[in-house]
Amino acid sequence: MENKEIDLQTLRHSTSHIMAQAVQNIYPQAKLGFGPAIDNGFYYDFDIEGVTLNEEDLKKIEDEMKRLIKEDLHFEKYVIPNVDEQIEEFKQQGEIYKAELLEEHRNDNPTLYLTKDKSGNVLFNDLCAGPHLENTRSIKAFKLLSVAGAYWRGNEKNKMLQRIYATAFLTKDELQAHLTMLEEAQKRDHRKLGTQLELFSLHNEVGGGLVLWHPNLSVVREEIENYWRTEHRKRGYDIVYSPHIAKSELWETSGHMGYYRENMYIIQDEETEFVLKPMNCPFHILMYSSTRHSYRDLPLRLAELGTVYRNEKSGALAGMTRVKGFTQDDAHIFCTPEQMVDEINAIIDFVADTLKMFDMDFEVELSTRPEKFVGKIENWDLAEVGLKKALEIKGLKYEINEGDGAFYGPKIDFKLKDAIGRTWQGATIQLDFNLPERFNLKYQDSDGQLKTPVMLHRVIFGSMERFMGVLIEHYSGAFPAWLSPKQVAVVPIADRHIDAAAKIANDLKADGLRVYLDDRSESMNYKIRDCLQGKKIPYVLVLGDREIESGKAAVRARGRGQIGEMEIAEFVQKIQEEIATRGKEIVE
RNA sequence: GCCGGUGUGGCUCAAUGGUAGAGCAACGGUUUUGUAAACCGUAGGUUGGGGGUUCGAUUCCCUCCACCGGCACCA
């Protein structure tokens, strides 16, 4: 397994060299940037004067690659004997990016990889540490996927190059499986499902990144918010509300006016400047500071479903996962330094329990103290050790981003994966050694001294919008019963069964279920199909002469076929249990 | 914000320098169904907004808005 993975990396990296060679054969003016293997494939960045690559060009490049591969070329490592001469040669060839890189790596025993034909002629070379395949015979399955802009070295001040994304696999079957998977993933895209299932909409005239929650998705949200409130009360939080705007003065104190102004919507009335809140923290801080606090009162945990607005750059927006207006399931915890680690532990538990309930995949990242930081170093150390320990106790795998914490504190991020493999920040836990100072927060400790509390910011879902987007994809729009906009469809077979069906539908509603009575004048088959596959309702009760006579219903479950006849009361009892436990399918 | 692409009935998509067509959905009718798409018909579009070129623009150009794939950003 391990070996195969390394091979795949090498295969992809070598294929990227062949791609670069093909591009230069077709466009001799093309200059090379980076061309690494990545998670699901590889890419190569090119600067091609006068050419904008399109889909057809990708085909041409692919064909040229196939031709090269057939030539049975081989790769050969070449230690650069004289770096200065090589830099000069790169410059002569116009390979300014390679020259720049070599200059930086001059003391690392830099190597070239040569691509040679069978007679040993060098057809192509690239500055590269390798390793590479021995020869192109191993390249059996690859595909160029897309072309996109990318800044040289990832810096927006640099020139934008053209990046070709591609992938390669050891066999054609594996490649095909990967391509099929990509297609399947697209069907789960929450933006498509959002339209298909009438979950939400976005409108030109409302503006980008501003989501309209339709009734169906509002039901899902309501259920999740109910869960959220109940869990918070259980875990010792107080739930609060705060206004949507506040005077600039507040944001001056918090510091946001200084480093976040670009992203804030400013509202000016005749004499006062207001800010549409991009965060909830200052309000919770003021709640804290409006009374005196004893160490006995702490920790104070304030939670709010707080709707914030941030003016994101236009290109950043994406469906529900990156929006301008969104509701954070925010909380701020004020505690003593001694309580900090326990509080972090409790939040990690909260996050892990919640995500587990949704069976969601996530990755964990821990970001530690950067070079420039505020706060006491012993609190940083305590926090970092505490964060690590908590993650280990929970058995969560995590990556450490050394020095990547915010200047005001270390943090743990939970990354959720969307349908097409992109990761989005969901839950986050951030220590803050800065705002308590700026707002001069105090508590009176057991020794009578006034001390500064530690503050934690945290979200469990991140934002309702983003979480919902990922959740839609996670379930492919087929929500479990407790979240489903409609939980049961009642389908009368013929018109003469409508009255009985309506009565059952009403009874089910009286039992607290969300019911869709499908009294359309359509065939039974059509209605079953539309309810299960179209509307993705988890259960369908079919009613005809037989059922009315027996007082039962024929139950069919989404994706699981026919379950059989069942007393209505038995069905109600089972589905209610399924809903109450927010669990897996109990009706069977 | 940057590079590239896209915007046509509610949805998915087609077509064209001579004012647009299909399927699904909707509506009307027929059918009254036994477990994942019955049949017939009707209606529905200033082709994202604005401007320009042209005898004529939905098509070509400019601009704005929005969306998509990336990059950058995500305090």
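Just so it is clear: chains get the letters A, B, ... in the order the sequence lines come, proteins before strands, and each one is counted from 1. Hydrogens, waters and symmetry mates play no part in the numbers below; they use all other heavy atoms, side chains included.
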Ignoring hydrogens and angles, are the base of [N] and the side chain of [X] linked by a donor-acceptor pair under 3.5 Å?
{"X": "Asn525(A)", "N": "rU35(B)", "value": "no"}
{"X": "Arg191(A)", "N": "rC68(B)", "value": "no"}
{"X": "Ser523(A)", "N": "rU31(B)", "value": "no"}
{"X": "Arg466(A)", "N": "rC74(B)", "value": "no"}

- [ ] Considering just the side-chain nitrogens and oxygens of Tyr526(A), establish if one lies under 4.0 Å of OP1 or OP2 belonging to rU33(B).
- [x] no
Touch class at under 4.0 angstrom, heavy-atom based, for [X] against every strand present:
{"X": "Gly462(A)", "result": "nothing"}
{"X": "Arg496(A)", "result": "sugar-phosphate"}
{"X": "Asn54(A)", "result": "nothing"}
{"X": "Gly319(A)", "result": "sugar-phosphate"}
{"X": "Arg556(A)", "result": "base"}
{"X": "Ser314(A)", "result": "base"}
{"X": "Glu522(A)", "result": "base"}
{"X": "Phe407(A)", "result": "nothing"}
{"X": "Gly544(A)", "result": "base"}
{"X": "Asn204(A)", "result": "base"}

TODO: With sequence neighbours excluded, tell me which residues meet salt bridge (charged side-chain N to carboxylate O under 4.0 Å, His left out) with Arg529(A).
DONE: none
Task: Arg520(A) to Tyr526(A) six-membered ring, cation-pi geometry met (6.0 Å, 45°) - done: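 Geometry flag: not set, cation outside 6.0 Å or 45°.
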Nearest-neighbour nucleotide for the [X] side chain, [options] considered:
{"X": "Ala494(A)", "options": "rU32(B), rA72(B), rC74(B)", "value": "rU32(B)"}
{"X": "Ala554(A)", "options": "rG70(B), rU35(B), rA36(B)", "value": "rU35(B)"}
{"X": "Thr195(A)", "options": "rC11(B), rC74(B), rG34(B)", "value": "rC11(B)"}
{"X": "Ile493(A)", "options": "rC67(B), rU35(B), rG34(B)", "value": "rG34(B)"}
{"X": "Glu547(A)", "options": "rG34(B), rC74(B), rG1(B)", "value": "rG34(B)"}
{"X": "Ile528(A)", "options": "rC11(B), rU35(B), rG4(B)", "value": "rU35(B)"}

Open item on the list: With side-chain contact (heavy atoms from CB on, under 4.5 Å) as the test, pick out the partner of Ile537(A) among Arg514(A), Lys486(A), Arg558(A).
Closed with: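 Between Ile537(A) and the candidates, side-chain contact (heavy atoms from CB on, under 4.5 Å) is satisfied uniquely by Lys486(A).
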TODO: Please step through side chain to side chain contact (heavy atoms under 4.5 Å, CB included) for the pair Ile472(A) and Phe479(A), ending with a clear verdict.
DONE: CA-CA 8 Å; Ile472(A) 292 165; Phe479(A) 294 104; 3.9 Å; yes
TODO: Quick one: stems involving RNA chain B, counted as three or more successive Watson-Crick or G-U pairs, both distances short of 3.5 Å.
DONE: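 So far as stems of 3 or more pairs are concerned, RNA chain B shows B:1-7 with B:65-71, B:10-13 with B:21-24, B:26-30 with B:38-42, B:48-52 with B:60-64.
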Open item on the list: Between Arg458(A) and Asp330(A), does any side-chain N to carboxylate O distance fall below 4.0 Å?
Closed with: no
- [ ] Nearest 0.5 Å please: distance from the OG1 atom of Thr327(A) over to the CZ atom of Arg466(A).
- [x]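 Spacing of OG1 (Thr327(A)) from CZ (Arg466(A)) equals 13.0 Å.
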Task: Between Tyr516(A) and Gln487(A): side-chain donor-acceptor atoms closer than 3.5 Å - done: no
TODO: Would you jot down, in residue-number order, the residues of residues 143-154 of chain A having a non-hydrogen atom under 4.0 Å from RNA chain B?
DONE: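 Under 4.0 Å from RNA chain B: Ala148(A), Gly149(A), Ala150(A), Tyr151(A), Gly154(A).
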